[in-house]
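What follows is a set of notes on a single structure, which appears directly below.
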2 protein chains.
Amino acid sequence: MSLDLTPTLSPARPLDSADAMEDRLREIGAARYHDRHPFHHLLHGGQLTRGQVQAWALNRYYYQCSIPVKDAVVISRFRDRATRVEWRHRLEDHDGAEGTEGGIDRWLVLTDALGLDRDYVEATDGILPATRFAVDAYVHFVRDQSPLEAIASCLTELFAPHIHAERISGMLAHYDFVNPTVMAYFQRRLSQAPRDADYALRYVREHARTPQERAAVCNALIFKTQVLWTQLDALHHAYVLGHVPPGAFVPEDMR
Amino acid sequence: MSLDLTPTLSPARPLDSADAMEDRLREIGAARYHDRHPFHHLLHGGQLTRGQVQAWALNRYYYQCSIPVKDAVVISRFRDRATRVEWRHRLEDHDGAEGTEGGIDRWLVLTDALGLDRDYVEATDGILPATRFAVDAYVHFVRDQSPLEAIASCLTELFAPHIHAERISGMLAHYDFVNPTVMAYFQRRLSQAPRDADYALRYVREHARTPQERAAVCNALIFKTQVLWTQLDALHHAYVLGHVPPGAFVPEDMR
């Protein structure tokens, strides 16, 4: 039995300053971000079949298409106009505009290249229930928790550029169905994610003013790493270990 | 690679009557209820370690303690007093009363017998994130979908007595830490679940009056089977296949 030992966070240092909180946030990322997940290593290491990559792209489409819904909820939490204005570009980043491609369009370029039918992808009927539950939990979190925690939950973007860069180089090197056009989503996020993460980090450093609020920020990041990790666990269980739940997508190479 | 082939539902018969809907509901149960899940077979077949049974009981505690929350939301959806009155006993079934044991108390008897600390169980900190996401999805479902679908989502109780009976006899036969007192939760549900399921089935037969409403009832049952199946998938992945996610409970026999 292989056992993923839980990484240990350093003995809790009091969250008595923005710097102490930022250190804790970076520890959480190092211990819990999904670049540590075995499925990520299989994916960028070229060890997945085309069908397994299809399953990943199909499921992650549900995450992609839920992000602007999540961002609209975040915007709705702020009576302060400046914060709404600052957050608004994220809607356009993902949804695009008349004649302008957005992140969801770029994700569909990837699912097209993988030979998945667009109607099937957009219907999201074949995704794993665990994907839907995890992604919906993220949308509910930003609605139900405090506005500070809603912003903090996007801090995983601090760690995203590294994983995007690994995906781009790894997938281009290993899969013949991947080319730079197909990887445009990740290429674009290399510049978008740091800008968004910088804003969110500045925001939580400024607005979390008590140890309790700083702990809530850290817990929001832990929650979000769980949203991402759970999606890869479900893909791994279904498509690497072969336990596809009733009704979910079955790739041709697993039929 | 072992592959759980998705059971095929019979070619869709039009849902033009309550009988046609009930047939479809029973097909869904036969194909998708979690008595078909490999983890269930390992559990009642005596093939799990004490630590794996602990993980199951710890995680399922989160489901148990969320059920009366879910039922309170269901009650809140009805302006019709008779339906609220009919549903109310479920709160007492699970929460008990001053001096009267409820389902949650009986579940804690089981976790006690397994050597789990009550404070740890009740805090729910060690559960799998997938458990929390799936169970919370159930609570959100009964809040966000129609009152008819909220009631329909409990129709898994139609299939529960069989699985409870299997658990009682299988676990009593195979595990030395299990005795009849410990299995009191399931023993009690043998009489409670059929009463509740009969009411829900009569309700949806009477109130789903169009093919669209009958389809919504069937989809609510599918949703609920996914809530249950996803919990066992996550347990199987973490505690049978050894991929415990960061921060979750690690039994002594897996350390």
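Naming: A, B, ... by sequence-line order, numbering from 1 per chain.
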Taking the side chain as every heavy atom from C-beta outward, state whether Pro245(A) and Asp233(B) have any pair of such atoms under 4.5 Å apart.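 Yes, side chains in contact.
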
Could you tell me which non-hydrogen atom of Gly247(B) sits nearest to which non-hydrogen atom of Arg32(A), and how far apart they are?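 Closest pair (atom of Gly247(B), atom of Arg32(A), distance): CA-NH2, 3.6 Å.
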
Specify the closest pair of heavy atoms between Pro246(B) and Ala31(A), including all atoms of both residues, with the distance to one decimal.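 In this case the closest contact between Pro246(B) and Ala31(A) is CG-O, 4.3 Å.
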
Against chain A, label His236(B) side chain, backbone, both or neither, depending on which of its atoms sit under 4.5 Å from a heavy atom there.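 Both backbone and side chain of His236(B) come within 4.5 Å of chain A.
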
Proximity breakdown for His237(B) and chain A, heavy-atom pairs closer than 4.5 Å: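 Interface part for His237(B): both.
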
Starting at NE2 of His243(A), measure out to CZ of Phe39(B) and round the result to the nearest 0.5 Å.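 Answer rounded to 0.5 Å: 12.5 Å.
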
Positions in residues 131-138 of chain A that reach chain B, provided some heavy atom is under 4.5 Å away: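 So the qualifying residues are Phe133(A), Ala134(A), Ala137(A).
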
Toward chain A: residues of residues 141-152 of chain B with heavy atoms under 4.5 Å: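 Near chain A, by residue number: Arg143(B), Asp144(B).
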
